[in-house]
Asker: 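Quick one: the structure is below, and I'll ask about it shortly.
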Amino acid sequence: MSDWKQRTTLIHGGTRRSQYGEVSEAIFLTQGFVYDSAEAAEARFKSAGDDEFIYARYGNPTVRMFENRLAQITGYEDGFACTSGMAAVTGAMSALLKAGDEVVAARALFGSCLYVLEDVLGRFGVKITLVDGTDNAAWSEAITEKTTLVFLESVSNPTLEVIDLAHVVKVAHDKGALVVVDDAMSTPIFSYSSHLGADICVISTTKHVDGQGRTLGGMICGSKELIRGPIEAYMKHTGGAMNPFTAWVQLKSLDTLDLRVRAQAGSAMQIAETLEGHAKLSRVRYPQLPSHPQHEIAMRQAASGGTVISIDVTGGKESCFKFLNSLEVFTISNNFADSKSIVTHPATTTHQRLPQEQKDIVGISDGTVRLSVGLEDPVDLIGDLMQALDKI
Ligand SMILES: *Cc1c(COP(=O)(O)O)cnc(C)c1O
């Protein structure tokens, strides 16, 4: 790995050029590769070199360039690109766990992650224990010699709980457990999981990396030993590899990732500061605001509060929907991290299936709204939120 700064790595990290010396990253839209001779095919199947490919389900030059570049940005040795963030989560867990293993995870999890842990892994005999991720003592108590793996979201969705990762890593490693971090919210730009010692980080590249609402993708990052060992073996034989077109789209997105994420996070801070204390809001949660319950940990870990704000509108579902329907710049959708600003009502969409009791525990009310701040002018975004709040 070079010692380039992140912005240089985003442009040049892991570059592979063909014999034509193209400036822009080439897309190799090919499933297979030809061999000069039968002996060459035999040799490559025995042991493929860094620049040798066999089949796109195993690897492809465009996909490999994307893997190397994103891994370098997040501070890991290597990465395996997957069809989606959930393919990355499922792949990492399935590759590293077996029947009888025990997993300790933070309770405030993305719905699909919870399904993979409890329903899928549970069916194959993996025991899952969920803890309050913000409670350091709960982690210390739940992680034992029997724990194989610890799973958490660095910043939870949608309530933006922040976990003290250094503590969790220390407790887990003391007991011999691997730590897998879902880094969707942190963004690759502000990712700190490798610096704080997490073994694996899974990223939904659908979010900030694409950032323009086009392609689904995921990446599993970790040491060369883990990625080119059990992770690659599992992914290449089960068919979750990213396609070259997506890798090319997302590679091109990396050119602007730093600029986009920093602009979006800057606007998010401005919006959070403006909204805090508004009479029609009972809560404004953003990690960079000193009022955030884990503000100190959040700022120690990351240099930014990120691109998402969580607010609670007063007056229940009716006034909350009135607010959502009055917005003119923010659009109603369920994705986040897009260049277009998006509002989501988790209680009736992304988290609809969560029982009320679970919603209460993680802090999702009928008034909770997730604001994903895009690249529009923050003046227009603030104006839009204010006029919509005035309508309720
Ligand atoms: C979106 C998201 C995922 C899943 O990513 P996809 O690319 O949609 O499959 C996983 N974890 C978290 C925290 C997410 O926000």
Side-chain angles (χ1 to χ4, degrees), residues 63 66-67 70 74 79-94 103 105-121 130 133 150-163 165 179-193 198 200-221 235 238-243 245-247 249-250 253 257 261 264 287 302 306-310 333-338 342-344 346 349-354 362 364 368 370-373:
V63 176
F66 180 55
E67 290 170 343
L70 191 55
T74 48
F80 195 98
C82 311
T83 51
S84 68
M86 283 321 301
V89 172
T90 311
M93 307 298 263
S94 307
V103 173
R107 190 165 50 203
L109 284 185
F110 183 64
S112 299
C113 293
L114 200 60
Y115 173 81
V116 169
L117 286 176
E118 292 195 312
D119 292 62
V120 180
L121 294 173
L130 298 178
V150 170
F151 182 75
L152 58 99
E153 285 173 34
S154 44
V155 178
S156 77
N157 172 13
T159 49
L160 309 183
E161 283 182 8
V162 179
I163 289 172
L165 186 60
V179 177
V180 179
V181 174
D182 181 336
D183 239 354
M185 278 278 191
S186 294
T187 87
I189 297 301
F190 302 121
S191 170
Y192 46 82
S193 63
I200 295 269
C201 132
V202 287
I203 306 167
S204 168
T205 58
T206 309
K207 310 288 163 55
H208 298 88
V209 172
D210 181 294
Q212 291 148 85
R214 300 159 301 183
T215 51
L216 291 173
M219 183 82 78
I220 309 171
C221 294
M235 291 308 302
T238 56
M242 176 177 278
N243 73 72
F245 179 71
T246 296
V249 169
Q250 298 198 353
S253 269
L257 181 67
V261 166
Q264 287 170 251
T307 64
V308 175
I309 306 166
S310 172
S333 186
N334 46 273
N335 198 13
F336 69 90
D338 202 282
I342 289 171
V343 280
T344 309
T349 61
T350 52
H351 293 68
Q352 189 186 127
R353 296 218 305 257
L354 213 62
V362 294
I364 300 170
T368 303
R370 187 182 70 194
L371 304 177
S372 169
V373 178

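Whatever order the structure lists ligands and atoms in, that order sets their numbers, starting from 1.
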Asker: Which ligand 1 atoms, with their elements, are less than 4.0 angstrom from a heavy-atom of A184?
Answerer: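 Heavy-atom distances to A184 below 4.0 Å select 12 (C), 13 (C), 14 (C), 15 (O).
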
Asker: Can any side-chain N or O of Q352 pair as donor or acceptor with the backbone N or O of T350 at less than 3.5 Å?
Answerer: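 Absent.
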
Asker: Hydrogens and angles aside, do S191 and D183 bring a side-chain donor and acceptor to less than 3.5 Å of each other?
Answerer: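 Yes - a donor-acceptor pair under 3.5 Å links their side chains.
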
Asker: Nearest protein heavy-atom contact for atom 3 (C) of ligand 1: which residue, which atom, what distance?
Answerer: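 For this ligand atom, the closest protein heavy atom is F110 CE2, 3.4 Å.
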
Asker: Among L216, T83, T205, T215, find the one that has a side-chain contact (heavy atoms from CB on, under 4.5 Å) with M242.
Answerer: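 Going through L216, T83, T205, T215 one by one, the side-chain contact (heavy atoms from CB on, under 4.5 Å) with M242 is satisfied by T205 alone.
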
Asker: For ligand 1, is there an N or O atom under 3.5 Å from any N or O atom of M86?
Answerer: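 There is such a contact, yes.
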
Asker: Does E67 use its side chain to pair, donor to acceptor, with the backbone of A81 at less than 3.5 Å?
Answerer: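 Checked: pair present.
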
Asker: So, the side chain of T344 versus the backbone of S333: is there a donor-acceptor pair under 3.5 Å, distance only?
Answerer: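 Judged by distance alone, yes, a pair lies under 3.5 Å.
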
Asker: Check ligand 1 against N157 and write out every atom of the ligand that is under 4.0 Å from a heavy-atom position of the residue.
Answerer: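 Near N157, the atoms of ligand 1 are 15 (O).
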
Asker: Looking at ligand 1, does V89 have a heavy atom less than 4.0 Å from it?
Answerer: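 Contact check V89 vs ligand 1: negative.
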
Asker: Atom 12 (C) of ligand 1: which protein heavy atom is closest, and how many Å away?
Answerer: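 Going atom by atom, the protein heavy atom closest to atom 12 (C) of ligand 1 ends up being D182 OD2, 3.4 Å.
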
Asker: Would you say ligand 1 has an N or O under 3.5 Å from any N or O of F336?
Answerer: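 In this structure, F336 places no N or O atom under 3.5 Å from an N or O of ligand 1.
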
Asker: Applying side chain to side chain contact (heavy atoms under 4.5 Å, CB included) to L165 and L152, what does each step give before you reach the verdict?
Answerer: CA-CA 9 Å; L165 186 60; L152 58 99; 4.0 Å; yes

Asker: Of all the atoms in ligand 1, which lie at a distance below 4.0 Å from a heavy atom belonging to G217?
Answerer: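 Near G217, meaning under 4.0 Å from one of its heavy atoms, ligand 1 has 7 (O).
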
Asker: Does A88 come within less than 4.0 Å of ligand 1, judged by its heavy atoms?
Answerer: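 Per 4.0 Å heavy-atom rule, A88 does not contact ligand 1.
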
Asker: Ignoring hydrogens and angles, tell me if any N or O in the side chain of D338 forms a donor-acceptor pair with the backbone of G213 under 3.5 Å.
Answerer: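 Such a contact is found between D338 side chain and G213 backbone.
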
Asker: Please work out which of T206, V116, V308 has its closest non-hydrogen atom nearest to atom 7 (O) of ligand 1.
Answerer: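 Residue with the shortest heavy-atom distance to the ligand atom: T206.
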
Asker: Could you walk me through whether I163 and V181 pass side chain to side chain contact (heavy atoms under 4.5 Å, CB included), step by step?
Answerer: CA-CA 10 Å; I163 289 172; V181 174; over 6 Å; no

Asker: Note the single closest protein heavy atom to atom 5 (O) of ligand 1, along with its residue, its atom name and the distance in Å.
Answerer: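 Looking only at protein heavy atoms, the one closest to atom 5 (O) of ligand 1 is S204 OG, 3.0 Å.
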
Asker: Any luck finding a side-chain donor-acceptor pair between R214 and S253 under 3.5 Å?
Answerer: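 On atom types as modelled, these side chains qualify, holding a pair under 3.5 Å.
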
Asker: Which bit of K207 gets closer than 4.0 Å to ligand 1, counting heavy atoms only: side chain, backbone, both or neither?
Answerer: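 The side chain, only.
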
Asker: Would you check whether E153 has a nitrogen or oxygen atom less than 3.5 angstrom from a nitrogen or oxygen atom of ligand 1?
Answerer: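 No, E153 has no N/O under 3.5 Å of an N/O on ligand 1.
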
Asker: Please list, in number order, the atoms of ligand 1 under 4.0 Å from a heavy atom of G85.
Answerer: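 Heavy-atom distances to G85 below 4.0 Å select 5 (O), 6 (P), 7 (O), 9 (O).
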
